[in-house]
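Numbered from 1 within each chain, the chains take letters A, B, ... in sequence-line order.
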Amino acid sequence: MSDQVNDFVVKIANVNGTGSASANGMLMKSIFRMGIPVVGKNFFPSNIQGLPTWYEIRISKQGYLSRSGNVDMMIAMNAQTYIDDVAEISPGGYLLYDSTWPRKDLETARDDINIIGIPLSGMCNEAFEAARAKVLMKNVAYVGALVALLDIDMEVVTNLLKETFATKQHLMDANMQAIKMGYDYATENFECPLPIRLEHMDETSGHVLIDGNTAAGLGAVYAGATVASWYPITPSTSLIDGFTTYCKALRKDPETGKNLYCIVQAEDELAAIGMVLGASWNGARAFTATSGPGISLMSEFLGLAYFAEIPAVLFDVQRVGPSTGMPTRTQQGDILASAYASHGDTRHVLLFPADPKECFEMAATAFDLAERLQTPVIVLSDLDIGMNDWMIPELKWDEDYVPDRGKVYTEDQLKEMDVFHRYVDVDGDAIPYRTLPGVHPTGAYFVRGSGHNRFGGYTEKSDEYKDVLDRLRRKSDTAGQIAPAPLIDGSGDTDWAIISIGSCDGAIVEARDRLREAGIELDYMRIRAFPFNQDVADFIDRYERVFVIEQNRDAQLRQLLISDLELDSKQLSPMLSYDGMPVSCSFIVDNIQEEISRNKAA
Amino acid sequence: MSYIKKPKISHPGLPRNAIGLTLRDYEGSMSTLCAGCGHDSVSAAIIQAYFDLSIEPHRVAKISGIGCSSKTPTYFLGGAHGFNSVHGRMPSIATGANAANREMQYIGVSGDGDSLSIGLGQFGHAIRRNINMMYVIENNGVYGLTKGQFSASADVGSTAKKGEANPYQPIDPVSMAISLGCSFVARGFSGDKEHLVPLLKAAITHPGFALLDVISPCVTFNDHEGSTKSYEFMRENERATVYADFIPNHEEITASSEPGGLETITMHDGSRIRLRRVAQDYDPGNRAQAFSHVEECSRAGEIATGLLYLDTGVAEMHELAGTTEDSLSSLDYSRLNPGNEALAKLQQRWR
Ligand SMILES: Cc1ncc(C[n+]2csc(CCOP(=O)(O)OP(=O)(O)O)c2C)c(N)n1
Ligand code: SF4
Ligand SMILES: [Mg+2]
């Protein structure tokens, strides 16, 4: 077998609660620091301790971000999952396992893989005193073995440890000792490095490794959000954690040391969105982060915000539904529930970030749109983007950015006015002017979710009610014009094309490359917002057949496209991955190829 | 219809308050409630209280849920911003509004259905956070707007209009608030404006969450014999405990107005609440006593009213959170943007 340099997948099977996360993080970061593109995906249980968890590191010299579908090396640290883990290894791949307790059955289970047994527990039990250290250091020891087996730069690892344990010499020493033990055992017993190995590159400079939730939380800080309210739910919690961390670090008043923000942990999601609306109404940039169950609970208030025209920003980090579903698995299953959240005719603005970079950038976009349009904006991220570490270009902030606070009458403007009417379409773009409480008596009005006329007064008159409802529909059209346009890649003259959203992007980019190598060209449009921009309809029109790739069972994006653009359903073919795992490149390649052969046969 | 503006006729002779406004300036649009509804009397008392306190109407935000009671913010302080939210969720809107701007005054108006059934959770949590606001429950023992079903505050044995008796234990917002550690707990009666207005003024001035439960009879569905929330029942069974007199900070307490048995509490703005105890041994600073007093009255079939519990030393939400003194909504973006350099520095840890 020829060497497979900088292009393979290492998957680590652990038991959760055993401290494997930091060892796996260290492994990934070391490779990144060698200049080699990496992406890490964490498959973890909805549990605190004792259940299986996996960490998959894809090393890709081309910089591909999705799952390749292969596992070239499995580090099997969890006896509970040995059987499945061994079965998952790609032919010709490697199994590294803890051979303190040798397992002949494993070693003979397959004749098309290579076995590397290292007595990790035995070594650590001997070397370390404390019970916790014996458990933790096993993880560090397999990293040490990988340094030898994969040819990771030892200096990079050592420096990383030094940084991590700068102030804790005893931990530094213990970690270094474990690394050495693993390293020495591997070099003494196996031919190092293996054919799957690493070589320095220069493809990661100017990049960072970051998860989407941290990026979104940081984005909210830069967007000028001052109020956040939330109720803990996986996988959105770390978004608020990020916001909190960077508010504490970057948002204290330099003179008084007081907080230039207010974060409220609400009693539930109903209260969380209520607080966001109260704060937005009162002039703050306010947001919440949640996941599917939270969106369900927030629906009534979202209808109020839509009808009464109150800005709000929500991050929905989607997980597997329905109901509690699988809280630690990913899906794009909240598209329809979000687009039409609440009873009656509503239509909400949605944004679809594809990676942490867009999570960061779309935070500001979401606030700008929410305030410009005076309506809720829901950013539909997902667990894959939100909780996994992605390699993205270093984040930059445009120093010229000025928040778009939308149409808000100032005190000076109000002083000059005799009367103020809340819902009159003064400019003809279906967006009225609003006023903030406390600014000037002329601006006072009464917000209500009950029927109101264009002047803001209560009404039960059909024509007055319809007048407002029809304008809201027109406002939604305005939203489609100013929300982020789709990104289109392709020549424009292929027969078939792909439409998708969000985290499917990485797999699609790679799949298109692989298909191109096989002589198959497909143009690609990634939608970034709902209501749909005119470009979306124009794109679909150009192709004989368009695949809509998304991660849910019911083809929710496709449904939305068909109903909203009044398309013939035959124009769009669904391609659906909804098992809770991030969609892989091979899923797309295989499906397209199958379609092609079916097409030929027909 | 509630959007009909009352004609503003300002008689030159109308008394003006310290900021030159007349009582008229504190009114709202015409009420659409049933003639004689207790809620209208509460609105009138609210108008009086803000007028007396010389608060600029537009510096007040009025927030409510859904119900006849929750409609009333349109009927007072027409110059204030109002927010008629969804059923039972007024506290969260008020909390968010307060989070954004701590410099304004907040009044929340709710009903017994709104706060004690659908909104019980939010009510309790607003108390827990000690949001700086006045929270008025217009308590009539029924759901007025949905036509007279029993609410959670209906007493055991209290009968509905058609005669059936309520079998369930009531949720009393006052004892609940005391047990949750609410910093200001009072009960009034819509039919007794003389004592309601000072309670409102004290509640408005209180630097934290002030709960004011106002028994406010529903003349259409719950004012008959057999009801324990009727005018008649209240007149016979109200047990006034501690009257509050409110003294603005610019008024001197003269010796003649301070007879024995009075206690004066100074609020943060220098104004004072003078407590007049009906029962001499009652101490509104004693939480356990307040709780057992309310309990005893209830067991005797009486309704304890007055300023029942007060603790001005509890930190409100922003004090607990360490928020800046200025309102967050007024902060210029330049104070909120950490800048590109900070962003670059921050990202070193992700390499
Ligand atoms: C989610 C929801 N459920 C039910 C209702 C119907 N509803 C409107 S007002 C109300 C009860 C109001 O009772 P209360 O708060 O005591 O106010 P009152 O009319 O007695 O002053 C109900 C159940 C609603 N508006 N929203
Ligand atoms: S139904 Fe009852 S509560 Fe509602 S307005 Fe009439 S009297 Fe008042
Ligand atoms: Mg009621």
Side-chain angles (χ1 to χ4, degrees), chain A residues 32-33 208-210 218 221-222 224 226-227 229 246 249-251 253 256 258-262 264 266-268 270-271 274-284 286 300-301 304 394-397 399 401-403 436-441 443-450 455 457-459, chain B residues 1-3 56-59 61-63 66 73-74 77-86 89-101 103-104 121-122 124-125 128-129 317-318 321-325 327-331 333 335-340 342-344 346-347 350-351:
Chain A
F32 175 81
R33 287 193 177 182
V208 288
L209 284 176
I210 185 176
L218 190 57
V221 174
Y222 275 82
T226 50
V227 176
S229 179
Y246 301 112
L250 306 168
R251 271 283 195 79
D253 185 42
T256 62
K258 297 263 187 176
N259 299 341
L260 302 180
Y261 60 91
C262 184
V264 187
E267 55 271 32
D268 55 32
L270 286 80
M275 290 178 202
V276 169
L277 296 186
S280 291
W281 166 68
N282 219 357
E300 187 188 21
F301 256 139
L304 172 81
E394 190 179 315
L395 301 172
K396 295 245 155 44
W397 190 248
E399 292 288 12
Y401 172 76
V402 180
L436 300 180
V439 172
H440 192 271
Y445 72 100
F446 207 75
V447 177
R448 44 166 69 84
S450 46
F455 307 113
Y458 178 88
T459 192
Chain B
M1 294 267 108
S2 57
Y3 62 83
E56 288 179 280
H58 80 279
R59 297 299 297 165
K62 315 168 289 186
I63 305 167
I66 297 289
T74 20
L77 265 60
H81 274 251
F83 195 142
N84 190 197
S85 67
V86 293
R89 317 297 172 201
M90 172 272 277
S92 61
I93 298 285
T95 303
N98 191 295
N101 185 344
E103 295 173 325
M104 285 178 57
Q122 294 209 349
H125 284 272
R128 173 174 172 259
R129 295 187 187 96
M317 178 177 72
H318 285 293
T323 322
T324 183
E325 300 292 329
S327 87
L328 292 174
S329 56
S330 71
L331 299 180
Y333 179 63
R335 290 180 69 189
L336 303 174
N337 173 17
N340 212 1
L343 185 61
L346 193 85
Q347 290 178 89
W350 298 319
R351 284 218 191 82

Top residue by heavy-atom pair count (under 4.5 Å) with chain B, among [options]?
| options | value |
| --- | --- |
| A:Leu260, A:Val227, A:Leu250 | A:Leu260 |
| A:Val276, A:Leu270, A:Val221 | A:Leu270 |
| A:Pro403, A:Ser229, A:Gly449 | A:Pro403 |
| A:Trp397, A:Tyr261, A:Phe455, A:Tyr246 | A:Trp397 |
| A:Thr256, A:Val264, A:Leu395, A:Leu277 | A:Leu395 |
| A:Phe301, A:Tyr401, A:Phe32 | A:Phe301 |

Applying side-chain contact (heavy atoms from CB on, under 4.5 Å), run through A:Phe446 and B:Lys62 and close with a yes or a no.
CA-CA 9 Å; A:Phe446 207 75; B:Lys62 315 168 289 186; 4.2 Å; yes
Using a cut-off of under 4.5 Å for heavy-atom pairs, which of [options] has the most such pairs with chain A?
| options | answer |
| --- | --- |
| B:Leu336, B:Leu331, B:Thr95 | B:Leu336 |
| B:Leu77, B:Asn98, B:Asn337 | B:Asn337 |
| B:Gly121, B:Ala100, B:Ala97 | B:Ala97 |
| B:Ser327, B:Gly322, B:Gly79 | B:Gly322 |

Please examine the side chains of B:Arg335 and A:Asp253, heavy atoms only from C-beta on, and report whether any two atoms are closer than 4.5 Å.
yes
Quick check for you: to the nearest 0.5 Å, what is the distance between [X] atom [atom1] and [Y] atom [atom2]?
| X | Y | atom1 | atom2 | result |
| --- | --- | --- | --- | --- |
| A:Ile210 | B:Leu346 | CD1 | CG | 8.0 Å |
| B:Ile66 | A:Arg448 | CD1 | CZ | 10.0 Å |
| A:Asp268 | B:Gln122 | CG | CD | 6.0 Å |
| B:Arg129 | A:Glu267 | CZ | CD | 4.5 Å |

Less than 4.5 Å to any heavy atom of chain A: does that hold for the side chain of [X], its backbone, both, or neither?
| X | answer |
| --- | --- |
| B:Glu325 | side chain |
| B:Phe83 | both |
| B:Met317 | side chain |
| B:Ala344 | both |
| B:Ala80 | backbone |
| B:Pro91 | neither |

Backbone N/O of [Y] and side chain of [X]: donor-acceptor pair under 3.5 Å:
| X | Y | result |
| --- | --- | --- |
| A:Asn282 | B:Ser329 | no |
| A:Arg33 | B:Arg351 | yes |
| A:Tyr222 | B:Leu343 | yes |
| B:Arg89 | A:Ala271 | no |

Return the orientation label for the A:His440 and B:His58 ring planes: parallel under 30°, perpendicular over 60°, tilted otherwise.
tilted
Give the minimum heavy-atom separation between [X] and [Y], together with the two atoms involved.
| X | Y | answer |
| --- | --- | --- |
| B:Gly82 | A:Trp281 | O-CZ2, 3.9 Å |
| B:Ala321 | A:Asn259 | O-ND2, 2.8 Å |
| B:Val86 | A:Leu304 | CG1-CB, 4.2 Å |

Could you go step by step and tell me if A:Leu436 and B:His81 meet the side-chain contact (heavy atoms from CB on, under 4.5 Å) rule?
CA-CA 8 Å; A:Leu436 300 180; B:His81 274 251; 5.9 Å; no
